[in-house]
Amino acid sequence: MSNLESTREQPLDLSPEIFRKIGYELVDQIAIFLDELSSLPVAPAADPPEIRNRLGNRSMPQNGVDAGQLLTNVVSLLKENSTFNGHPRFLGYITSSASPLGALADMLASAINSNVGAAALAPMATAIEQQTIRWLAELVDFPTEGGGLLVSGGNMANITAFWAARKAKATWDIRRDGVTGMKAEKLVAYTSTSVHTWIDKAADLSGLGLNSIRRIEVNKEGQLVTAALRRQIEADLAAGLTPFLVVGTAGTVELGVIDPLAEISEICGEFDLWFHIDGAYGAVAGILPEYSAALHGLSMADSVAIDPHKWLYAPLEAGALLMRDAGKLIDAFSFHPVYYNFDEESAQGLVNFYEYGPQNSRGFRALKVWLTLQQAGRGGYETMLRDDIAAAKHLYGLAERHPELEACTHHLSITTFRYVPKNMDAANPQNQIYLNNLNSELLSQLNRSGKAFISNAMLHGNFILRACVVNFRTTLKDMEAVAELVVKFGREMDKIMVAQAN
Ligand SMILES: *Cc1c(COP(=O)(O)O)cnc(C)c1O
């Protein structure tokens, strides 16, 4: 113990002088990193086990270490051993370049350290989160009166909506009796076969089980077939089941396809089902006139998931759930323990965000989103989204024109394609296994090279390459480089695989 009378020993606090000194140094290092980013390898050459070994497995130190020293060391540790999704040639999955302002916002948010679980604990941070939610709703043309909350990402936004829908549509007291009570009915949800894997977690966590999810077929364009949806709902009703939810997707994770949202909304109205839209990736495209018709149905949903850490370029983690009626979140998530003294704020119409979702203590993730939205403005987003889409389209065109590339799909800012060796017939079913292996191998080699990072999708059972541009640093030249790299690694792998086969 230290001398507690009027002062304390300080293993953690920093004097203003030291905070300033090591803080400035860190900001300098981050500025250098951002400046150098495009010349660094996209991914480290070492594989994850080797990188884990570099960290070693020493125990936590008994005696504290100088803060400045720790920061200096960790900057090089991270710079040398990370995959950089802000790199102009990072086009894998749906992970965007992050706004540098967001990094500064996170530092400020951590310094203030608001607990955005309750308005009394975080009055301004709560107001900022509410305003952020309102702006996100405006951005995707969703009613702004409802409210919603920020969560860690698309998965949590979708799962939270699933829980709210479950509570809203259950005809018995599902809170008290659960899904197995005497009066429980069998709830069923509907979505397409192209749904993101969050639905598996939602079905499992909610106690409904994986069999409660009906995966409706998609058409040639990859969109949910609404006639099949209607048939399945009618069959389930006839079998005594209780349909409660339909999930449409605005920008599927693999190909970027937008479901026929307005038609799905009509069916939901007809059968009194909750309509949720997973717009984690694609919902924001609605700000562009060229996509506003396809995304018009967003305004008709009961809830929409949208990911600021995807196509709004906020740093991880930031997902958002927009609700037509936030009261449905309170119904699903609010409890009032005696040791909470927050009801006065609720009575004043203030939001206590702990009542809106599964989290209790909550960080101030709204700040980076709120500031980033203002920095770019709606106009800035229109430009960035258009440029991302143009870059993806450019790659599609390159693949169409190159004799050794096959262009597969282009939706929103996702292009899929694959490498096909000269003189090989890509349409011949007998060549598919070879082409799948070849493209899978070349993808690993390409990503390991550090020169670019893309991912894959499955299309009609075939392994194809996938580039998703949610990156304000990516130019048309980068797309040309990616096409060339795929051809280069494709040729090399083809040579090796042919030699192995002989
Ligand atoms: C990315 C994505 C998710 C999951 O979002 P996370 O932020 O990774 O949790 C869900 N649905 C769709 C359509 C997505 O693109």
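As a basis for the values below, the full set of heavy atoms in this structure was taken, side chains included, without hydrogen atoms, waters or symmetry mates. When a ligand or atom number is given, it counts from 1 through the structure's own listing order.
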(Q) When you measure from the heavy atoms of His309 to every atom of ligand 1, does any distance fall below 4.0 Å? (A) yes

Q) Is Met124 atom CE crowded by more than 12 heavy atoms from other residues, nucleotides or ligands, each under 6.0 Å away? A) no

Q) So is there a nitrogen or oxygen of Gly251 less than 3.5 Å from a nitrogen or oxygen in ligand 1? A) no

Q) Ion pair present between Lys186 and Asp236, side-chain N to carboxylate O less than 4.0 angstrom? A) no

Q. For atom 6 (P) of ligand 1, what is the nearest protein heavy atom, given as residue, atom name and distance?
A. Gly154 N, 3.2 Å

Q) Is Arg54 salt-bridged to Glu50, cutoff N-O under 4.0 Å? A) yes

Q | Under 4.0 Å to a heavy atom of His196 - the qualifying atoms of ligand 1, by number | A | 2 (C), 3 (C), 4 (C), 10 (C), 11 (N), 12 (C), 14 (C)

Q) Do Arg215 and Asp200 sit within salt-bridge range, that is, some charged N less than 4.0 Å from a carboxylate O? A) yes

Q) Looking at Tyr281 versus Trp311, is the centre-to-centre ring distance below 6.0 Å? A) yes

Q) At a non-hydrogen distance cut-off of under 4.0 Å, which region of Met156 contacts ligand 1 (side chain, backbone, both, or neither)? A) neither

(Q) Can you tell whether the side chains of Arg386 and Glu290 come within less than 4.0 Å, N to carboxylate O? (A) yes

Q) At what distance, to the nearest 0.5 angstrom, does CD of Glu400 lie from SG of Cys408? A) 10.5 Å

Q) Should Gly319 be listed as contacting ligand 1, given a heavy-atom distance under 4.0 Å as the test? A) no

Q.
Please check whether Trp198 reaches ligand 1 - meaning an N/O of the residue sits under 3.5 Å from an N/O of the ligand, judged on distance alone.
A. no

Q.
Suppose we call two aromatic rings close when their centres sit under 6.0 Å apart. Are Phe489 and Tyr419 close by that rule?
A. no

Q.
Suppose I only count heavy atoms of Tyr281 and a 4.0 Å limit; which atoms of ligand 1 are within that range?
A. 15 (O)

Q.
Consider salt bridge (charged side-chain N to carboxylate O under 4.0 Å, His left out). Of Arg362, Arg365, Lys368, Arg134, which one does Glu129 pass it with?
A. Arg362

Q. So is Glu317 close enough to ligand 1, meaning a heavy atom under 4.0 angstrom away?
A. no

Q. In terms of residue, atom name and distance, what is the protein heavy atom nearest to atom 15 (O) of ligand 1?
A. Lys310 NZ, 2.8 Å

Q) Relative to the heavy atoms of Gly153, which atoms of ligand 1 are at a distance of less than 4.0 Å? A) 7 (O), 9 (O)

Q: Considering the heavy atoms of Ile94, write down every atom of ligand 1 situated less than 4.0 Å from one of them.
A: 15 (O)

Q) What atoms of ligand 1 come closer than 4.0 angstrom to any heavy atom of Asn155? A) 4 (C), 5 (O), 6 (P), 9 (O)

Q: Ignoring hydrogens, just give me the one of Asp307, Val470, Asp278, Thr252 whose non-hydrogen atom is nearest atom 11 (N) of ligand 1.
A: Asp278

